[in-house]
**Q** 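There's a structure below that I have some questions on.
On a predicted model such as this, the values are computed, not experimentally measured, just so you know.
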Amino acid sequence: MKYRVAIGTKDGKNITEHFGTCGHFQIVEINQENGETTVIEKRITAHLEQCGNHLEDNIIEKIKALNDCHIILVKQIGGRPEKLLVHYGFIPLTNSGPIDVALAKIIKFYKNQIFKREE
């Protein structure tokens with residue numbers, strides 16, 4: 001089985017973005033059988049200039065744009081957007097530093113996880 005991770009990054013190497021202000025995500029697909037990762041695309045999403053007052057419509061738009069992903073990996077995320085992600089079946093994770101280090105931890109932790117999302 002394969003699953004996708006949406007990563008908030010400016011440089012493609014480090015996790016640098018806050019969920020609300022992130023205007024694009026690097027989408028990575030992980031093969032659970034062999035742990036292989038493939039960068040699928042850089043996806044543009046709705047974003048907010050300031051993260052203090054989250055507008056729920058913008059957050060919902062961003063969530064819809066990431067609907068084929070299972071995990072959202074960002075540097076920071078506000079409480080309300082995090083709850084919305086969980087409500088819509090995503091796994092929100094926060095981390096900073098190198099993407100490859102975070103992906104190695106994700107691959108190890110979710111090795112036998114079955115990813116399903118209720119539609």
**Q** Taking all atoms of both residues into account, what is the closest heavy-atom pair of Arg43 and Cys69, and its distance?
**A**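 Taking Arg43 first and Cys69 second, the nearest heavy atoms are NH1-SG, 4.3 Å.
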**Q** How long is the straight-line distance from NZ of Lys111 back to CD of Glu33, given to the nearest 0.5 Å?
**A** 8.0 Å
**Q** Counting N and O atoms only, with roles assigned by atom type, does the side chain of Asn34 sit under 3.5 Å from a partner on the main chain of Glu36, one being a donor and the other an acceptor?
**A**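 Such a contact is found between Asn34 side chain and Glu36 backbone.
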**Q** Would Val39 and Ile27 count as a side-chain contact (heavy atoms from CB on, under 4.5 Å) if you check the C-alpha gap in whole Å, the side-chain angles of each, and the deciding distance to 0.1 Å?
**A** CA-CA 6 Å; Val39 176; Ile27 309 299; over 6 Å; no
**Q** In Å and rounded to the nearest 0.5 Å, what is the CG to OG1 distance from Leu66 to Thr45?
**A** 6.0 Å
**Q** Looking at His70 and Arg4, would you say the former's side chain and the latter's main chain have a donor-acceptor pair under 3.5 Å?
**A**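 Judged by distance alone, yes, a pair lies under 3.5 Å.
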**Q** Compare every heavy atom of Ile77 with every heavy atom of Pro92, then report the nearest pair and how far apart it is.
**A** CB-CD1, 4.5 Å
**Q** Decide side-chain contact (heavy atoms from CB on, under 4.5 Å) for Phe25 and Ile44; before the verdict, give the C-alpha distance in whole Å, the side-chain angles of both, and the deciding distance to 0.1 Å.
**A** CA-CA 7 Å; Phe25 289 82; Ile44 296 172; over 6 Å; no
**Q** Using 0.5 Å steps for rounding, measure from the CD1 atom of Ile59 to the CD atom of Glu82.
**A** 12.0 Å
**Q** Dump the intermediate steps for side-chain contact (heavy atoms from CB on, under 4.5 Å) on Asn14 and Ile99, then the final yes or no.
**A** CA-CA 5 Å; Asn14 295 291; Ile99 290 171; 5.5 Å; no
**Q** Membership question, hydrophobic clusters at under 4.5 Å side-chain separation (ILVMFWY): are Ile30 and Val101 in the same one?
**A**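 Val101 does not cluster with Ile30.
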**Q** Search all heavy atoms of Asn95 against all heavy atoms of Ala102 and return the closest pair with its distance.
**A**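 Reported closest heavy-atom pair: ND2-CB, 3.9 Å.
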**Q** Pick out which of Ile91, Leu93, Ile63 makes a side-chain contact (heavy atoms from CB on, under 4.5 Å) with Leu85.
**A**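 Running side-chain contact (heavy atoms from CB on, under 4.5 Å) over Ile91, Leu93, Ile63 with Leu85 returns exactly one hit, Ile63.
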**Q** Search all heavy atoms of Gln26 against all heavy atoms of Thr9 and return the closest pair with its distance.
**A** CB-CG2, 3.7 Å
**Q** Which distance, rounded to the nearest 0.5 Å, do you find between the CD of Glu29 and the OG1 of Thr38?
**A** 6.5 Å
**Q** Where do Phe90 and Asn67 come nearest, in terms of heavy atoms and distance?
**A** CZ-CA, 3.9 Å
**Q** Mark yes or no: Lys62 above the aromatic ring of Phe19, with NZ or CZ under 6.0 Å from the six-membered ring centre and no more than 45 degrees from the axis.
**A**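 Satisfied, under 6.0 Å and within 45°.
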**Q** Looking only at atom types and distance, does a side-chain atom of Gln32 sit under 3.5 Å from a main-chain N or O of Lys2, one as donor and one as acceptor?
**A**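 No; zero donor-acceptor contacts below 3.5 Å.
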**Q** Quick check for you: to the nearest 0.5 Å, what is the distance between Ile71 atom CD1 and Ile106 atom CD1?
**A**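 Answer for the CD1-CD1 pair, Ile71 versus Ile106, is 5.0 Å.
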**Q** Below 4.0 angstrom, N of the basic side chain to O of the carboxylate: do Glu17 and Lys75 qualify?
**A** no
**Q** Let me see the working for Thr16 and Val74 under side-chain contact (heavy atoms from CB on, under 4.5 Å), right down to the final yes or no.
**A** CA-CA 7 Å; Thr16 58; Val74 291; over 6 Å; no
**Q** Which heavy-atom pair separates Tyr3 from Ile107 by the least distance, and what is that distance?
**A**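 Closest pair (atom of Tyr3, atom of Ile107, distance): OH-CA, 3.8 Å.
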**Q** Check whether any side-chain heavy atom of Leu73 lies under 4.5 Å from a side-chain heavy atom of Ile15, and answer yes or no.
**A** yes
**Q** Any side-chain to backbone donor/acceptor pair from Asp100 onto Leu103? Under 3.5 Å, distance only.
**A** no
